[in-house]
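One structure is given here, and the rest of the page talks about it.
In what follows, chains carry the letters A, B, and so on, assigned in the order in which the sequence lines appear, proteins first and then strands, with residues in each chain numbered from 1. Predicted model, so just to flag it, every value in this text is computed and none were measured.
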Amino acid sequence: MVEYSVAQGIRYTREHEWVRVESGLAVVGITDYAAKQLGDVTYVELPPLGKRVARMGEMCVVESVKAAADVYAPLAGEVTGVNTALEDSPQLINSDPYGSGWLVKLADIDQAGLTELMDAGEYRSFIAEV
Amino acid sequence: MPQSTPLYDWHLAREGRLVDFAGWSLPVNYGAGIIAEHLACRASAALFDVSHMGRFLARGPGALNLLRAALTNDAALLAPGQSQYTLLSDDQGQPLDDAYLYQLGPEEYLLVVNAANRQADWARLRGFHGPGAELVDQSAETAMLALQGPASQDILAGLLAGPLPPPERGRCAPGSWRGRALLITRSGYTGEPLSFELVVPADLAVDLADALLAAGASAGLVPAGLGARDTLRLEAGLPLYGHELRPDRPLLSLPLARRAVFLGLERGGFAGRAALEAQAAELAADQAGQARLVPRSIYALTALERAMIREGSPVMADGREVGALTSGTTVPAWRFAGDAPGPEHFARAIGLAYLDRGLGVGQEVEVLYRGKPVRAMIVRRFTRRVGNFLRAVEY
């Protein structure tokens with residue numbers, strides 16, 4: 001059985017993104033479950049800074065040896081940071097999905113959307129059923 | 001149920017992520033992941049289980065005639081201890097498989113074929129059976145390990161009693177380990193200047209794999225799976241049957257195959273000869289615009305921007321679609337510090353493509369991936385040899 005890690009204190013989407021809100025800024029990534037489903041990530045197409053994304057709108061693309069996966073914005077907002085370390089080390093998404101493998105920072109976010117996302121316990125149950 | 005190699009449990013014990021590949025249960029990667037395995041092979045060494053490949057022994061006074069009739073390259077050009085890249089062609093000059101042929105002794109040869117074509121190849125070879133030739137399928141009673149990379153030679157020399165084959169690509173020699181006979185070849189599918197494959201009795205495979213890993217641990221040797229095997233062969237510009245070679249395309253559309261078809265007159269007939277002669281004549285006339293038999297060729301291309309490209313992506317030149325990728329992905333590469341890999345690596349998107357003939361090295365093209373154009377350039381190769389290392393050529 002493959003074990004999936006689920007980090008506490010952050011929120012999750014049904015599309016397997018996570019979001020952590022720190023002083024009004026949302027940090028977004030994909031979950032360990034998503035990374036393991038994709039396999040080794042080999043390329044990440046990051047969005048341009050300043051791009052406005054709608055809630056659950058396409059934000060970036062994560063490519064693995066197997067497939068391309070669209071990553072959706074868990075919250076509406078504006079892209080103010082991207083993880084450029086992924087350009088040469090995309091495998092950070094596999095090795096540290098909730099830490100150095102983060103994807104995008106969003107500002108001007110719609111915090112109300114947070115309540116519609118799952119917490120760690122709910123997400124753990126969700127992936128157990130998939 | 002897919003078949004398993006003698007190393008099935010060994011893969012599982014090393015966190016191998018097993019998949020069904022051509023009817024075989026084999027790891028895509030181990031715990032370290034494809035990128036780490038690829039980079040380890042280029043800087044140090046990697047160990048692959050390639051036991052799924054078919055291994056056919058041809059021996060006896062009639063063996064040479066059988067092989068000359070069945071294969072595109074001429075086995076008579078070999079001497080014991082040498083090998084050649086070769087293909088099986090159908091009568092229309094289309095490839096049924098590509099293979100490596102090793103001459104083990106005066107009347108003894110080993111043909112290593114792709115796992116997916118093993119049964120079909122076996123049946124076809126049997127069809128060329130003549131007097132004095134014996135064919136033996138050794139695939140089940142043997143295992144095959146590939147030890148590839150700059151550290152591979154020292155690791156192997158330290159483990160095996162007796163000498164390695166002479167330091168020349170493609171050479172092979174008998175060896176022994178713990179008193180058991182094995183075959184050592186200087187070959188592989190990674191492009192590494194130093195590379196070995198070992199054909200061993202099946203019951204010896206696990207112990208030998210363990211001993212190799214232990215002997216190579218301090219040098220950085222890691223086990224590597226099918227994922228890294230594919231990115232390494234792509235970076236080395238090597239073809240994969242079903243991608244660069246297909247049974248619905250002319251065999252000589254693969255440049256590498258042109259060196260594996262021997263049309264010498266003294267050789268006589270062989271399967272596909274007439275069709276391959278016609279293809280070769282057209283290529284020699286070099287009128288790409290009027291080509292009928294070989295309208296396209298396999299080219300190497302590299303993206304000129306950060307991007308992804310994949311098999312199937314259309315390729316455009318001067319606003320016109322000229323073909324599509326047959327393989328493509330992003331691959332990692334070391335940044336060199338002097339003549340050796342430094343601490344940093346980078347990623348680049350490269351591919352092989354089946355394109356209209358007449359495109360030139362250095363020509364810019366566009367690859368369409370998920371609807372977006374990616375700037376790319378036709379190149380001669382993705383890597384070059386630096387000492388015992390294979391270094392990425394950056395464009």
Can you find a pair of side-chain heavy atoms, one from B:Val28 and one from A:Val65, that are under 4.5 Å apart?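 Contact flag for B:Val28/A:Val65 side chains = no.
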Any side-chain heavy atom of A:Lys36 sitting closer than 4.5 Å to one from B:Arg17?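 Not in contact.
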Residue by residue, which of residues 330-350 of chain B have a heavy atom closer than 4.5 Å to a heavy atom belonging to chain A?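 Against chain A, the residues of residues 330-350 of chain B that fall inside the cut-off (heavy atoms, under 4.5 Å) are B:Thr330, B:His345, B:Phe346, B:Ala347.
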Please check if the number of heavy atoms outside [X] that lie under 6.0 Å from its [atom1] is greater than 12.
X	atom1	value
B:Arg385	CZ	yes
A:Arg52	CZ	yes
B:Tyr8	OH	no
B:Glu15	CD	no

With no hydrogens and no angle check, just 3.5 Å: does a side-chain donor-acceptor pair link B:Tyr369 and A:Glu63?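 Per modelled atom types, B:Tyr369 and A:Glu63 side chains form a pair under 3.5 Å.
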Is chain B contacted by the side chain of A:Val41, its backbone, both, or neither, given a heavy-atom distance below 4.5 Å?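 Contact with chain B: backbone only.
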Applying salt bridge (Lys or Arg N to Asp or Glu O under 4.0 Å) to B:Arg370 and A:Asp70, what does each step give before you reach the verdict? CA-CA 11 Å; B:Arg370 286 165 56 104; A:Asp70 289 315; 2.8 Å; yes
Contacts of residues 86-102 of chain A with chain B (heavy atom under 4.5 Å):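 From residues 86-102 of chain A, the residues near chain B are A:Glu87, A:Asp88, A:Ser89, A:Pro90, A:Gln91.
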I need the A:Thr42 OG1 to B:His38 NE2 distance, nearest 0.5 Å.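 That separation rounds to 12.0 Å.
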